Every structure is written in C-alpha cells, then in structure tokens.
Amino acid sequence: MSGPAITPIDSAQFEALVRARRDIRHFRTDPIDETDVEWLLSMAHRAPSVGLSQPWRFVRVETVELRERLACHVDRQVKEAGKEYDGDQDKLYRSLKLHGLREAPVLFAVYCDDGTETGHHLGAVTMPEARRYSCVMAVHTLWLAAQTRRIGMGWVSIMEPEGVNAMLDIPASWECLGLLCLGRPVSEEDVPELERRGWEQRTDWHSVVVRR
C-alpha cells in the first residue's frame, strides 16, 4: 500500500477533533492572522467534489456597513422564524444567540456555482445537487481545519438567500448555502450549547442506521 500511513494514534486524534468541533455563536473580536485564514481556505479547497468540479465560492465580507446590513437581515429572519414556536420552546428560542455576525472577525458567504463548467458536469447530470453536497464537504473540511487551530466557526442558515444575494451582488448561477462566522470562541465547552440549554440532545448513532 502506498500513500501516508494512518496510525491508531492518528485515529484517536481525529476522533477528538470531531468531538471537539462546535457551532460557535459567541466570539472574541480580536483578529485572526491572515495566514491562518488563507490556510483554512486552502484546506477547504482540498475537499472532495463531484467530477472535480470544485463548485464552492467563498465571498469574504470586509466592510463594516455590509456586515451590519447582513446582521440586521439575519436578526429579522431570526424573529420571523421564531413564530414557529410557542410556550417554553418560544422562550428558550428567544434566549438563544443564533449568530455572531457582528463580533466574529472573519465573515464569509458560501455559495455553490451551479453553472460551473469545471468538471464537465461529470456526476452531476443526473444529480445536479451533488455540486451542493460537494460545497458542504468544503465547509465541513474548513470547520475541522479551523478547530485544529482553536478557531471557532458558526454556520448561519437563518437568512433569506435572495436578499443576501442582492446585498453581495452575486451571479445568478450561484446558490447561497449560508454565512460562515470565524473567530476565537469566548469559551471552549465540552457540551454543545444547544445540548447544554436543553434545545435538543444528540441521538445514538445506531438510531440513524437502517438495515435491509
């Protein structure tokens, strides 16, 4: 067998990494070194993609005015989404911090370019959504890479894509998958916040395996 050897200790470290990953909402405002940001993007770009199409697009939001417009947009969407809940669940929902758009020092909007010709449509003719799955792989790769450098990430999906696209002047063929906040977390917790707060509990992996 050729290629890099994976030893048992590598597997243990990988398990620790996966278990430590968190969806971060509470960020410190101190900046991230630009070399770290570039490394994270280079790792994301190593993710697998259907037909080697590499359809992910990362739009970096750098102006204070645009960041605030996005934050206000998400605030409105959070309020609107909260209408689904009532009683104790509504009270808990309203107490949750659901984005760090104002505090996180690095902010990206992540997109899938459904019009890309890279990869020559291989694997996406019958399942064009495979390009979006590829972009999710890139986001997850970035997420794990960030954890290795003690950088937290929050994936914000409570948003209205068309409104975000208009703010960022995005090509029509790009589909918005969310906003990514990156920065140092205020604290590092053993248990994810939604579990600590009683919103939901992680299920046992056996419960999601179906046998035929």
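Starting from 1, each residue takes its place in the sequence as its number. This is a predicted model, so every value here is computed, not measured.
Close placement of the Trp199 and Tyr85 rings is indicated, their centers lying within 6.0 Å of each other.
Closest approach of Glu103 to Phe27, counting heavy atoms only: CB-O, 3.9 Å. Among all heavy-atom pairs drawn from Val156 and Met159, the shortest one is O-SD, 3.9 Å. The heavy-atom pair separating Pro185 from Arg150 by the smallest distance is CD-O, 3.8 Å. Between Ile158 and Ala81, the shortest heavy-atom contact is CG2-CB, 4.2 Å.
By the side chain to side chain contact (heavy atoms under 4.5 Å, CB included) test, Glu34 pairs with Val37, Glu38, Arg60, sequence neighbours left out.
Gln54 places a side-chain N or O within donor-acceptor distance of the main-chain N or O of Leu52, the cut-off being under 3.5 Å. Of the possible polar contacts, one joining the Asp10 side chain to the Thr7 backbone as a donor-acceptor pair under 3.5 Å is found. Judged purely by atom type and a 3.5 angstrom limit, Glu189 has no side-chain atom pairing as donor or acceptor with the backbone of Val191. Not a single donor-acceptor pair under 3.5 Å links the side chain of Ser207 to the backbone N or O of Thr203. Remark: the backbone N or O of Ser187 is not paired with any side-chain donor or acceptor of His26 at under 3.5 angstrom.
Aromatic ring orientation, His45 versus Trp56: perpendicular (interplanar angle above 60°, classes split at 30° and 60°).
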Could you go step by step and tell me if Asp113 and Ser173 meet the side-chain hydrogen bond (donor to acceptor under 3.5 Å, both in side chains) rule? CA-CA 6 Å; Asp113 181 1; Ser173 66; 3.1 Å; yes

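Rounding to the nearest 0.5 angstrom, the gap separating the CD atom in Glu65 from the CZ atom in Arg69 is 5.0 Å.
For the residue pair Thr29 / Arg184, no side-chain donor-acceptor distance below 3.5 Å is found, with atom types taken as modelled.
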